[in-house]
Amino acid sequence: MRLARPLEWPREVTAAREQQLRLAAEVRSFRSPAPPLTDWRLVAGLDVSYSKRRGRVYAALVVLDADNRLVEEVVGEAPLDFPYVPGLLSYREGPACCAAWQALSVQPDVLICDGQGVAHPRRLGLAAHLGLSFGVPTIGSAKSRLVGEYTEPGSRRGERSSLVDPESGERLGTVLRTRDNVKPLFISVGIRINLADAEAVILDRLTRYRLPEPQRRADRLVGRHRREVECA
DNA sequence: GCGACAG
DNA sequence: ATCTTGTCGC
């Protein structure tokens, strides 16, 4: 797919933070709450893996249909040239994600990203940032917390609690138990989707694992891909 | 100054 | 994320 909005990717921490403030203002300018997501047959999952020895970042996108059957899967890569700094993950993983997106031939109705959406210090987690560039609804599905407070949700699948910014009282997302007795997922909206719909998409794509199927498949694919290219 | 901190 | 074996619990 073509990038709806090609972005610049600063390679310096200070420049990255400054750009985030500008992009976050754009994310805020979208209609809120976002209109309901009417059709979401094609759901894509995105995940990233690093090869330190090769100095590369790999990203995999997997698109599944309403029955979680494979529609398309692609990988993209970019140099590993930005450090891991909490709050600046997009600058480390974004370029490879954009490469994968451009290799895609079908447009997903919604994209699940491995990371935060607006549950971010400047409200511009990976899912929000990529949503701005890709131009499709995005959901942040993180395996751990970056910001916000919450009470531990019940131990059974489907139980949830709110992720809240203690300063503003603003609701940042939902802490969702996706399987009985497993660590919950931190769900937040990226762009063009409301939180209720984001939760519905995640729940709809759960099978027997902690991660929703599109995200789990992307995770497997990118891990396999990295190991393959790392051998040669 | 100290602790927290997506992947 | 990545480096890594077996092991405890549903």
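A quick note: this is a predicted structure, and the numbers were derived from the prediction, not measured. Quick note on labels: first sequence line is chain A, next is B, and so on, each numbered from 1.
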Study note, to complete from the structure: Ranking B:dC5, B:dA6, B:dG7 by distance to the side chain of A:R145, first place goes to B:dC5

**Study point:** Integer-rounded Å distance: C:dA1 P and A:L211 CG
**Key:** 10 Å

**Study point:** Whole-Å gap separating P (B:dA6) and CG (A:L176)
**Key:** 19 Å

Revision key, fill the gap. Residue pair A:N181/A:D219 against DNA chain C: nearer the 5' end by closest nucleotide is A:D219

Practice item. Can you tell me the distance, in whole Å, between the CZ atom of A:F82 and the P atom of B:dA6? Key: 15 Å

Practice item. Check whether more than 12 heavy atoms from other residues, nucleotides or ligands sit under 6.0 Å from atom CZ of A:R11, and answer yes or no. Key: yes

Review point. To the nearest angstrom, how far is A:F186 atom CZ from B:dG7 atom P?
Key: 9 Å

Practice item. With heavy atoms under 4.0 Å as the rule, sort A:E93 into base, sugar-phosphate or nothing. Key: sugar-phosphate

**Study point:** Is_stacked (A:Y84, C:dA1) at 5.5 Å, 30 deg
**Key:** no

Review point. Looking across every strand, which nucleic acid part, if any, lies under 4.0 Å from A:R226 by heavy atom: base, sugar-phosphate, or nothing?
Key: sugar-phosphate

Exercise for review: Remember a base hit wins even if backbone is also touched, and classify A:L88 as base, sugar-phosphate or nothing at under 4.0 Å, heavy atoms.
Suggested key: base

Check your understanding: What is the distance, rounded to the nearest whole Å, between atom OH of A:Y50 and atom P of C:dA1?
Key -> 8 Å

Practice item. For A:G140, answer base if it contacts any base atom (sugar-phosphate contacts may also be present), sugar-phosphate if it contacts only those atoms, and nothing otherwise; contact means non-hydrogen atoms under 4.0 Å. Key: nothing

Check your understanding: Does A:R192 reach the main-chain N or O of A:G135 with its side chain, forming a donor-acceptor pair under 3.5 Å?
Key -> yes

Check your understanding: Under 4.0 Å between a side-chain N or O of A:S144 and OP1 or OP2 of B:dG7?
Key -> yes

Practice item. Take atom CZ of A:R224 and atom C1' of C:dT2, then tell me their distance rounded to the nearest Å. Key: 19 Å

**Study point:** Any side-chain heavy-atom pair of A:R56 and A:L80 under 4.5 Å
**Key:** no

**Study point:** Gap between atoms CZ and P, on A:R54 and C:dC3 respectively (whole Å)
**Key:** 14 Å

Exercise for review: Measure from the side-chain heavy atoms of A:D114 and tell me the nearest of B:dG7, C:dC10, C:dC3.
Suggested key: B:dG7

Practice item. Give a yes/no answer on whether the side chain of A:K143 brings an N or O atom under 4.0 Å of OP1 or OP2 in B:dG7. Key: yes

Check your understanding: Does a donor on one side chain and an acceptor on the other come within less than 3.5 Å for A:R226 and A:S51?
Key -> no

Exercise for review: Determine, for A:R123 against A:D165, whether the closest basic-nitrogen to carboxylate-oxygen distance falls under 4.0 angstrom.
Suggested key: yes

Review point. Whole-Å distance between B:dA6 P and A:L124 CG?
Key: 16 Å

Exercise for review: Verify the contact: side-chain N or O of A:S49 to OP1 or OP2 of C:dT2, cut-off strictly under 4.0 Å; return yes or no.
Suggested key: yes

